[in-house]
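Report on the structure given below.
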Amino acid sequence: MPHARCAAVADSPAGRFAPSPTGRMHLGNIYAALLSFLSARQKGGRWFLRIEDIDSQRSHREYALQIMDDLEWLGLQWDGEPVFQSERSDIYLHYLEELSKRGLLYPCRCTRAALLASSAPHASDGLRPYAGTCRPATPCFNAASLHETLRLHIDDNAVVEFDDTICGHMSVKPADTTGDFVVRRRDGAWAYQFAVAIDDALMSITDVVRGNDLLLSTAPQRYLQQLLGLGMPSTYTHIPLLTNVDGQRLSKRDSSLAMDVLRSKFSPRDLIVHICRLAKLEPEHVLTQIP
Ligand code: GLU
């Protein structure tokens with residue numbers, strides 16, 4: 001199934017904000033949204049909103065609507081229609097079948113406890129490469145049963161290279177970070193890496209700006225894009241996560257920094273100015289980019 005590049009014009013600058021609608025946004029989310037918005041707009045590019053609601057247990061439509069309302073309140077208007085991952089199963093299935101036909105998928109029956117016991121924690125970010133317990137000795141063609149967890153058989157020698165505006169040149173061996181990663185879960189949920197790789201490519205995203213907790217996710221995403229012959233973003237900026245007074249990354253638990261509280265205390269302009277100070281950006285310049 002040829003999937004037309006659905007949003008941006010290929011190769012013209014395009015960014016995206018890709019929140020998971022699992023709660024109300026907080027200061028950290030809008031910080032990431034603003035930096036992504038500015039990065040796209042400063043290049044005269046388009047900026048898209050993608051709602052990452054593939055986890056049906058944790059995602060709720062009301063949070064997605066609230067995210068849109070909060071972005072509009074701030075003046076961060078996205079281009080086109082928002083893209084909902086929950087509506088893109090046919091697209092993901094098409095690429096899953098392609099990998100299956102090429103013998104690159106295999107079912108994994110490892111329990112969560114077995115996975116934890118068999119893998120050494122990765123040095124820096126908690127990613128644990130899969131130990132390969134269920135990896136077959138020879139490729140299994142058309143093995144993509146939709147009722148089992150499916151892993152991608154990666155090339156153990158592959159190295160993924162990319163440049164990050166903040167972290168510099170990155171050279172990552174997926175075998176050392178994720179190993180054979182999951183593309184679809186037993187409960188039918190698409191894996192984050194799989195859906196993001198396909199969506200960024202089909203939306204012709206050129207500039208990815210997101211939290212640096214996702215830095216090492218870039219390698220499996222680019223690996224998949226290359227494997228599937230899809231386009232890849234050209235610029236990555238993995239921004240430091242905002243932390244609370246205890247030095248922990250902001251989360252939904254930091255309710256005093258949630259958008260409902262922020263909206264009751266600040267005007268959109270004051271909040272943008274506040275974020276600019278955090279990001280060491282010139283507020284007057286930033287405000288000219290926001291209609
Ligand atoms: N949905 C992810 C999140 O809310 C972001 C994914 C991405 O930017 O690639 O953390």
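Ligands are counted one by one from 1 in listed order, and the atoms in each one are counted from 1 as well.
Ligand 1 has no atom lying under 4.0 Å from any heavy atom of Phe17.
Neither the backbone nor the side chain of Asn29 has any atom closer than 4.0 Å to an atom of ligand 1 (non-hydrogen atoms only).
We find that Lys173 and Asp156 are not joined by a salt bridge, their nearest charged nitrogen and carboxylate oxygen being 4.0 Å or further apart. Arg24 has no carboxylate O lying under 4.0 Å from a charged side-chain N of Asp69, or vice versa, which leaves the two without a salt bridge. Under the 4.0 Å criterion applied to side-chain N and carboxylate O atoms, Glu98 and Arg102 are assigned as salt-bridge partners. Salt bridge status for Arg269 with Glu284: present, with a side-chain N to carboxylate O gap under 4.0 Å.
Taking atom 6 (C) of ligand 1 as the reference point, the nearest protein heavy-atom neighbour is Glu52 OE1, 3.2 Å. Considering only non-hydrogen protein atoms, atom 8 (O) of ligand 1 sits nearest to Arg16 NH1, 2.7 Å. Taking atom 3 (C) of ligand 1 as the reference point, the nearest protein heavy-atom neighbour is Ser20 OG, 3.7 Å. Looking only at heavy atoms of the protein, atom 5 (C) of ligand 1 is closest to Ala18 O, 3.3 Å.
Polar contact check, Arg210 against ligand 1: a nitrogen or oxygen pair lies under 3.5 Å apart. For ligand 1, none of its N or O atoms has an N or O atom of Gln221 under 3.5 Å away. Residue contacts with ligand 1: Val196 is placed with no nitrogen or oxygen under 3.5 Å of a nitrogen or oxygen of the ligand (distance criterion only).
In this structure, Phe266 and His274 have parallel ring planes: the angle between them is below the 30° cut-off, well short of the 60° mark. Taking the six-membered ring where the residue is Trp, Phe17 and Trp47 present parallel rings, their angle staying beneath 30° rather than reaching 60°. Using cut-offs of 30° and 60° on the angle between ring planes, the pair Tyr63 and His60 is perpendicular.
Taking the ring axis of Phe84 as reference, the NZ or CZ atom of Arg61 stays within 45° of it and closer than 6.0 Å to the ring centre.
Atom numbering of ligand 1 starts at 1 in the shown order; those under 4.0 Å from a heavy atom of Tyr192 are 6 (C), 7 (C), 9 (O). Set against the non-hydrogen atoms of Leu214, the atoms of ligand 1 under 4.0 Å away are 5 (C), 6 (C), 7 (C).
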